[in-house]
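Values below: every heavy atom of this structure, side chains too, minus hydrogens, waters and symmetry copies. In listed order, ligands and their atoms are each counted from 1.
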Amino acid sequence: MEIKKVGVLGCGLMGSGIAQVAATAGFDVTILEVEQKYLDKGFAAMEKSLTKFSEKGTLKEPVDAIRSRLKGTTNKLDLADRDIIIEAIIENVEEKKMMYASIDGIVKKDAIFASNTSSISITELLTSTKRPERFVGLHFFNPVPLMKLVEVVRTIATSAEVYDAAYEFAKKLGKVPVRTSDKTGFIVNRLLVPYMLDAVRAYEDGVGSIEDIDNAMKLGCGYPMGPFTLLDFVGLDTTYYITHVMFDEFKERRFASPPLLKRLVMAGWYGRKTGKGFYDYSEPNNPKPNKL
Ligand code: CAA
């Protein structure tokens with residue numbers, strides 16, 4: 001199976017990152033969005049990122065050549081000839097299932113369907129199509145152009161041929177794939193989410209301040225970001241959603257949201273994207289911990 005033409009569903013943070021990486025690796029990419037304004041936003045983000053790489057001299061080709069392989073569309077029919085579809089739309093099971101069902105009859109029959117979901121069951125998603133054996137998870141990490149990992153997720157229905165093709169495709173994107181199975185959270189979030197939630201609980205218990213807990217994990221363990229900086233970076237709304245899916249699956253306290261996380265989400269403090277979370281980003285280069 002040869003993958004040449006890539007379709008990406010959603011041009012948000014993850015979708016635009018995936019599209020950029022695929023075009024940089026030489027693939028022809030079509031990105032589907034519901035409205036032109038979302039495409040414009042995603043294309044502006046890709047332009048900024050590609051310019052940065054170009055200035056650093058890390059691209060093998062001029063930005064123009066990469067840009068010429070990227071096409072945005074609001075018409076699902078433009079996905080018909082894609083060899084692989086990577087879905088990165090809103091993290092909502094019903095929305096995702098509706099999207100897959102709506103394109104299943106449009107996209108050619110032997111194309112692979114992949115989801116970038118971080119917590120929703122791939123097995124549940126594949127039930128919305130007539131190609132269960134051609135369905136995998138391809139879970140990328142934020143920021144996609146910089147993070148090397150892709151979790152390649154196999155379900156009990158995925159064929160060996162499709163799984164291997166998806167694994168090789170991740171390699172061709174310049175990423176390091178890891179093999180994992182369809183258990184909620186896969187490898188990274190199974191370990192990362194309880195760690196981040198424990199940081200919130202440690203703060204609630206008065207173990208240390210937000211800044212000190214962040215510095216402790218950054219400087220004591222060599223992590224690139226402390227847990228609160230990372231929570232604000234991932235998005236508190238996203239993390240809160242993931243806790244629900246994981247707690248529902250495992251019924252273990254370590255996956256349950258601490259009250260403080262819930263309060264921040266209820267207040268609309270989602271982290272960097274809203275300018276407020278565990279930190280205040282009024283001065284983006286000098287975030288200050290909020291008094292919580
Ligand atoms: N494109 C191109 N360049 C970019 C970029 C992008 N999208 N984002 C940042 N950069 C550049 C910066 O401009 C900077 O360039 P200079 O060196 O020229 O200044 C360089 O990359 C390094 O960035 P920073 O100086 O901002 O900071 P950093 O050295 O800490 O690196 C980081 C940034 C790679 C994000 C690093 O902090 C990191 O690895 N953080 C952890 C991220 C992480 O854990 N992500 C996973 C989250 S979990 C998830 O995504 C999955 C889920 O399911 C929830």
Enquirer: Any luck finding a side-chain donor-acceptor pair between D104 and T129 under 3.5 Å?
Expert: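 Absent: no donor and acceptor within the cut-off.
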Enquirer: If you count the atoms of ligand 1 from 1 in the order shown, which ones are under 4.0 Å from a heavy atom of P143?
Expert: 35 (C)
Enquirer: Using a strict 4.0 Å cut-off to heavy atoms of V234, name the atoms of ligand 1 that fall inside it.
Expert: 47 (C), 48 (S), 54 (C)
Enquirer: For S49, counting its heavy atoms only, list the atoms of ligand 1 lying under 4.0 Å from any of them.
Expert: 1 (N), 2 (C), 6 (C), 7 (N)
Enquirer: Can you figure out which of L231, T229, L149, N189 has its heavy atom closest to atom 53 (O) of ligand 1?
Expert: N189
Enquirer: From the options F186, Y223, F141, select the one whose nearest heavy atom is closest to atom 51 (C) of ligand 1.
Expert: F141
Enquirer: Closest non-hydrogen protein atom to atom 23 (O) of ligand 1, residue and atom name please, with distance?
Expert: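 Atom 23 (O) of ligand 1 sits closest to the protein heavy atom L146 CD1, 4.9 Å.
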Enquirer: Suppose I only count heavy atoms of M225 and a 4.0 Å limit; which atoms of ligand 1 are within that range?
Expert: 37 (O), 40 (N), 41 (C)
Enquirer: Sort out for me which residue in T158, V153, I156 forms a side chain to side chain contact (heavy atoms under 4.5 Å, CB included) with D182.
Expert: V153
Enquirer: Report yes if the distance between the aromatic ring centroids of F255 and F247 is under 6.0 Å, otherwise no.
Expert: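 For F255 and F247, the ring centres are not under 6.0 Å apart.
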Enquirer: Given K218, K56, M14, which has its nearest heavy atom closest to atom 14 (C) of ligand 1?
Expert: K56
Enquirer: Any chance the side chains of E151 and T180 put a donor and an acceptor closer than 3.5 Å?
Expert: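 No.
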Enquirer: Heavy-atom distances under 4.0 Å decide this one: backbone, side chain, both or neither, for L230 against ligand 1?
Expert: side chain
